[in-house]
Every structure is written in C-alpha cells, then in structure tokens.
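Since the structure comes first, as structure tokens, the remarks are kept for the end.
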Amino acid sequence: MASASLLQFSASTPISSIKPPHLPQFASPIRNPNPRIPNPSLKCASSQTSLRSNPSTEILQRPSLTLREICDGCVPDHVIRRQVCVGFVVATDVQRQGLPVMLSGRDCVLHAQTGSGKTLAYLLLIFSIINVQRSVVQALIVVPTRELGMQVREILGGFCLSCSDASCKAFDSEAERRVCTVMALLDGGLLRRHKSWLKAEPPTIVVATMGSLCQMLEKNIFKLEAMQILVIDEVDFLFNSSKQAYSLRKLLTSYSSINSRQTIFASASIPQHRRFVYDCIQQKWTKNDVVHVHVNPIEPMPSLLLHRFVVCNKNERMQTLLSLLQTDGPKTGIIFVGEQSEKSKKAGNAPPTTSVIDFLKASYSKCSEILLLEEEMNFNLRAASLSEVRQGGDCLLVATDMAARGVDLTETTHIYNFDLPRTAVDYLHRAGRTGRKPFSNENCTVTSIITAEERFALQRFENELMFRSQELTL
Ligand SMILES: Nc1ncnc2c1ncn2[C@@H]1O[C@H](COP(=O)(O)OP(=O)(O)OP(=O)(O)O)[C@@H](O)[C@H]1O
C-alpha cells in the first residue's frame with residue numbers, strides 16, 4: 001500500500017519538491033516507445049522554452065505554460081499548430097501536470113475535475129507515440145458510452161482538419177494532414193464493416209466501447225500485439241458497471257503482457273484512488289512507477305459553479321421547474337431526470353423524461369428546442385439530439401444520467417436536477433456538464449429540486465464534494 005500512496009502528487013504540492021521517482025524524466029530523448037521503428041511523424045522543433053532543452057521544473061509552475069512548451073519535440077509540430085489554430089494555446093492544470101509525466105513514458109492515473117481538459121492531454125500523448133505510416137492499431141481508447149466515443153472521434157477528426165482561416169499554416173503539406181486513421185468501434189455500429197476494415201487496413205487509433213471491442217477481441221480480429229498505448233476514460237464508471245468490469249479486467253490483463261506499453265486511466269472521480277493505484281500495480285495493469293496525477297484534490301468540483309436548491313412537495317416539482325426556467329431563461333441547459341423504475345415500467349407508465357418533456361413543451365415557450373437523451377432511444381435519435389444541441393441556439397436537453405459522463409456541450413450554462421442523483425459522484429458528473437470552458441469566468445448554475453426529506457442527502461453530497469448550495473425561494 002505504501003508504494004501506491006507515495007505515487008500521488010497534487011496541485012498543492014510544488015512540482016519542484018517532488019523527489020524521484022515522482023519527478024518526470026524530462027531529459028529523456030524524444031518519446032518513441034519502440035526504438036526499433038523510427039517514428040517519422042516526430043519532428044524535433046527547437047524552442048528556447050522547450051522542456052527538453054530546459055528541463056528545469058520551475059517552468060512547470062508557470063500558470064501560463066503553453067501546450068507548445070510542454071509538447072515541443074515530443075508531439076509532431078503540425079498537431080500543436082492545429083491546437084493553436086483552434087485556440088488551445090495555454091495548457092490547463094491537468095495538461096500542465098499530466099503531459100510531462102505521460103510524455104516521459106510513465107503510466108498515469110489522470111484524475112482531475114470535469115471539463116479540465118483530460119481528453120486533449122491523453123490525445124496529445126497518443127500523437128507523440130503513434131507512427132502514422134504503420135498500418136496497425138497502436139492506440140486504443142476505451143469509453144463507457146457510444147456518445148462519448150463519437151465525441152472523442154470528432155476531436156480526433158479535428159486534429160486532421162485544416163483551418164478555414166487562409167493565413168493558418170497548421171499543415172505544411174497534404175502528408176501532414178493525414179495524421180492518422182481513426183476507427184470508432186462503438187456499440188450500435190456496423191460490426192461487419194469494422195471487421196473488414198480491421199482485417200484489410202487496420203487504423204492507427206481505435207475508440208471503442210467495451211461490448212463491440214470484446215466481440216472483435218474474442219474473434220481474434222482485433223489484436224493487441226502492436227498496441228503501444230491504452231487509455232481507459234471514465235475508468236471508475238466502467239469498473240462500477242458489472243456488465244463492463246469483467247471485460248475491462250480481461251482486456252487489462254491481456255494488455256499487461258505487452259512489453260512496450262503505456263496505460264492511462266482518466267476520470268474526474270476515482271473513489272478510493274489510493275486503493276485503485278495499488279490494485280493497478282498488483283494486477284500489473286500498470287507498471288510499478290505509475291503516477292497518480294491528482295489535480296485539485298481538495299476541490300473536486302469546478303469552483304465557478306453556483307449550487308442552489310429549491311424545496312417543494314413531490315407533486316409541485318414540474319411547476320417549480322417551470323418557475324426556475326422562467327426566472328433563469330437559460331440559453332442552453334440540461335434537465336437531469338431519474339431513470340424509470342422497473343415497477344413503473346411494468347405498470348405501463350410513461351417514463352419520467354417523457355412526462356417532463358410533454359409538460360415543458362406545453363407550458364414553456366421561451367425555448368425553441370426541447371430535446372430528449374436517454375438510454376432507451378435508438379442510437380440515431382441519440383446522436384441527432386446531441387448534434388442539435390451542439391449546433392447552438394436556445395436549447396433544453398432533458399436527459400438521464402447517461403448524458404452525465406464526458407459529454408462536452410460547451411455552451412451549457414444551467415443544470416437542473418429534477419430528480420436528485422443517487423450518489424455524490426453522480427452529482428459531480430451531472431454538475432460537470434456545465435462550466436466547460438477552462439479559461440472562462442462565466443458563472444454557471446446547478447439547481448436541485450428537492451423535497452424537505454432530500455435535504456439531508458444533498459448535504460451529504462455537499463460534504464463529500466466540498467461545496468455549499470444556497471436555498472432559493474421562488
Ligand atoms: N488547453 C485548452 N485551452 C482551451 N480549452 C481547452 C483546452 N483543453 C481542453 N479544452 C476544452 O475544454 C473542454 C473540456 O475538455 P474535456 O472534455 O477534455 O474535459 P474532461 O476533463 O475530459 O472532462 P470530463 O471529466 O467531464 O470528461 C473541451 O471543450 C475542450 O475543447
């Protein structure tokens with residue numbers, strides 16, 4: 001246990017004070033985990049502030065450290081230029097703390113607030129490793145839902161797009177534009193097509209959900225041998241789901257036999273994280289020198305969120321929601337509704353989400369689009385709802401907890417808990433669907449509609465997640 005707890009460092013720990021082996025090995029040569037195969041996509045650009053040319057750890061404490069300063073010499077230059085083009089210049093805290101560790105080749109548990117930029121951190125790492133000229137799967141990202149998988153694939157697509165700005169020089173040549181090929185191996189997709197693709201010309205990166213991935217692994221169509229990096233996103237969620245945990249353990253065990261491997265686990269919530277890191281080492285899912293990058297350990301909730309609650313009777317909740325919406329007038333908001341119980345399903349009742357949508361459509365006229373996102377919908381309808389929200393404009397999304405993990409709708413300013421979530425972790429992830437602009441000061445609100453009896457449960461969440469909520473009287 002001792003070794004695991006020692007591996008943790010946090011934002012409150014000055015990085016310069018961390019003693020080896022916690023200190024990332026900045027002086028190592030350009031990251032190419034398989035030295036036998038040269039990685040031609042790595043261009044070692046020189047920069048005065050490059051970490052390789054200046055391994056001083058002082059630089060890491062500068063809050064305005066840029067992605068270029070961290071990644072220079074490790075990540076292909078055109079990938080960084082593309083990030084600069086879309087406006088990602090300064091690194092977020094998790095990128096500042098996590099990237100040097102990951103780029104040094106260490107396994108990592110990336111543990112940071114919702115909306116803090118964990119995805120970009122692990123994607124930049126992937127680009128530092130893959131060799132686009134080899135047609136084998138080199139990186140695998142496992143996600144819990146199809147929606148999150150589509151989102152990650154879209155971000156990866158953005159790495160390969162050119163900017164509409166004519167003066168943008170993100171890509172020097174068409175060859176650079178072909179950064180990589182990405183396959184989304186997601187539940188609800190056409191597995192037969194993926195099978196032929198994997199056999200004929202394997203992609204460089206695969207983004208997968210557990211179900212589809214297992215089918216490919218069992219049929220021996222997807223092979224782990226050439227893989228260099230495995231990312232498990234929303235790791236606590238996957239381990240919590242009895243359906244997915246067994247397959248995930250199997251995958252991690254198979255992958256552990258590969259020599260030149262790197263493993264990254266990411267989430268905003270890793271309950272009992274020391275135990276988790278310890279287990280990772282014991283099970284050989286990570287190497288012994290895995291680093292737990294824990295950003296904001298004393299403040300798991302993004303600080304710019306304003307938490308409020310309204311107390312009412314159960315049968316007044318619809319009306320209370322309506323009053324809240326009329327007062328707030330949110331441009332984009334998400335209303336989280338509890339899942340329908342088996343008993344209610346058997347009794348033939350309409351799902352609570354449908355009741356809320358029907359009520360709002362009949363009584364709330366300020367919003368042009370009221371959309372639904374829940375597990376029971378077919379995949380196309382789910383994708384359509386998300387893409388409508390992404391297009392912008394006034395929009396309310398009525399959703400179950402399936403929308404609470406990883407989904408990045410940057411314009412969302414208001415979250416309403418029509419039903420209180422079951423656990424503090426669920427509260428954290430629901431709340432985290434707002435406040436998703438890392439350098440913005442925009443205030444976002446999370447409002448829970450509760451009965452007097454539920455006040456105790458909300459207080460428990462407040463204590464666990466270290467936030468306070470204000471009571472609203474309407
Ligand atoms: N360096 C950066 N500068 C500006 N914006 C950034 C930067 N890095 C990431 N972002 C943006 O921040 C938002 C949140 O990032 P991301 O989805 O990676 O968060 P996350 O930590 O994975 O959150 P969650 O735990 O909820 O999944 C995204 O819209 C992303 O584009």
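Predicted, not measured: the structure shown is a model, and the values here were computed from it. Whatever order the structure lists ligands and atoms in, that order sets their numbers, starting from 1. Position 1 is the first residue of the sequence, and the numbers go up from there.
Side chain of Arg433 to main chain of Val407: a donor-acceptor pair is present (N/O by atom type, distance under 3.5 Å, no hydrogens or angles). Judged purely by atom type and a 3.5 angstrom limit, Lys331 has no side-chain atom pairing as donor or acceptor with the backbone of Cys367. Side-chain N or O atoms of Asp107 include none that pairs as donor or acceptor with a backbone N or O of Thr286 at under 3.5 Å.
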**Item:** Intermediate values then yes/no, salt bridge (charged side-chain N to carboxylate O under 4.0 Å, His left out), Asp394 and Lys366
**Value:** CA-CA 8 Å; Asp394 287 9; Lys366 270 195 195 169; over 6 Å; no

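Here the protein heavy atom with the shortest distance to atom 5 (N) of ligand 1 is Phe88 CE2, 3.3 Å. Looking at atom 3 (N) of ligand 1, its nearest protein heavy atom turns out to be Phe439 CE1, 3.5 Å. In this structure, the protein non-hydrogen atom closest to atom 21 (O) of ligand 1 is Lys118 NZ, 2.8 Å. Closest to atom 19 (O) of ligand 1, if we only count protein heavy atoms, is Gly117 N, 3.2 Å. Considering only non-hydrogen protein atoms, atom 17 (O) of ligand 1 sits nearest to Arg436 NH2, 3.0 Å.
We find the NZ-OG1 distance between Lys437 and Thr434 to be 9.0 Å, quoted to the nearest 0.5 Å. Distance OG/Ser241 to CD/Glu234: 13.0 Å, rounded to 0.5 Å.
Between Tyr278 and Trp285, the gap from one ring centroid to the other reaches at least 6.0 Å.
In this comparison of Asp233, Val90, Asp408, the heavy atom closest to atom 2 (C) of ligand 1 sits on Val90.
Listed by number with element, the atoms of ligand 1 under 4.0 Å from a non-hydrogen atom of Gln113 are 21 (O). Of all the atoms in ligand 1, the ones that sit under 4.0 Å from a non-hydrogen atom of Gly406 are 27 (O). Residue Arg433 has at least one heavy-atom neighbour below 4.0 Å for each of these atoms of ligand 1: 26 (O). Less than 4.0 angstrom separates some heavy atom of Thr119 from each of these atoms of ligand 1: 16 (P), 17 (O), 18 (O), 22 (O). Atoms of ligand 1 lying under 4.0 Å from any heavy atom of Ser116, numbered from 1 in the order shown and given with element: 19 (O), 20 (P), 21 (O). The Leu120 neighbourhood of ligand 1 comprises atoms 8 (N), with distances under 4.0 Å to a heavy atom of that residue. Of all atoms in ligand 1, listed by their number and element, those nearer than 4.0 Å to a heavy atom of Thr410 are 29 (O). Heavy-atom contacts of Pro438 reach the following atoms of ligand 1: 5 (N), 6 (C), 10 (N), 11 (C), 12 (O) (cutoff under 4.0 Å).
Residue Ala112 has no N or O atom closer than 3.5 Å to an N or O atom of ligand 1. Ligand 1 has no N or O atom lying under 3.5 Å from any N or O atom of Leu67, backbone or side chain. For ligand 1, one of its N or O atoms has an N or O atom of Gly115 under 3.5 Å away.
Under a 4.0 angstrom heavy-atom cut-off, Glu234 registers as being in contact with ligand 1.
When side chains are defined from C-beta on, Thr114 counts as touching Arg436, because their heavy atoms get closer than 4.5 Å. Counting only heavy atoms from C-beta outward, the side chains of Thr447 and Asn417 never approach each other to under 4.5 Å.
Within 6.0 Å of CZ in Arg153 there are 12 or fewer heavy atoms belonging to other residues, nucleotides or ligands.
Only the side chain of Gln95 comes within 4.0 Å of ligand 1, counting heavy atoms alone; its backbone N, CA, C and O stay farther away. Residue-level proximity to ligand 1 for Arg405 is absent, since no heavy atom of it falls below 4.0 angstrom.
The only member of Phe309, Phe336, Phe467, Tyr427 that meets side-chain contact (heavy atoms from CB on, under 4.5 Å) when paired with Val446 is Tyr427.
Nearest heavy-atom pair, Leu324 versus Arg308, reported as atom, atom and distance to 0.1 Å: CD2-NH2, 4.1 Å.
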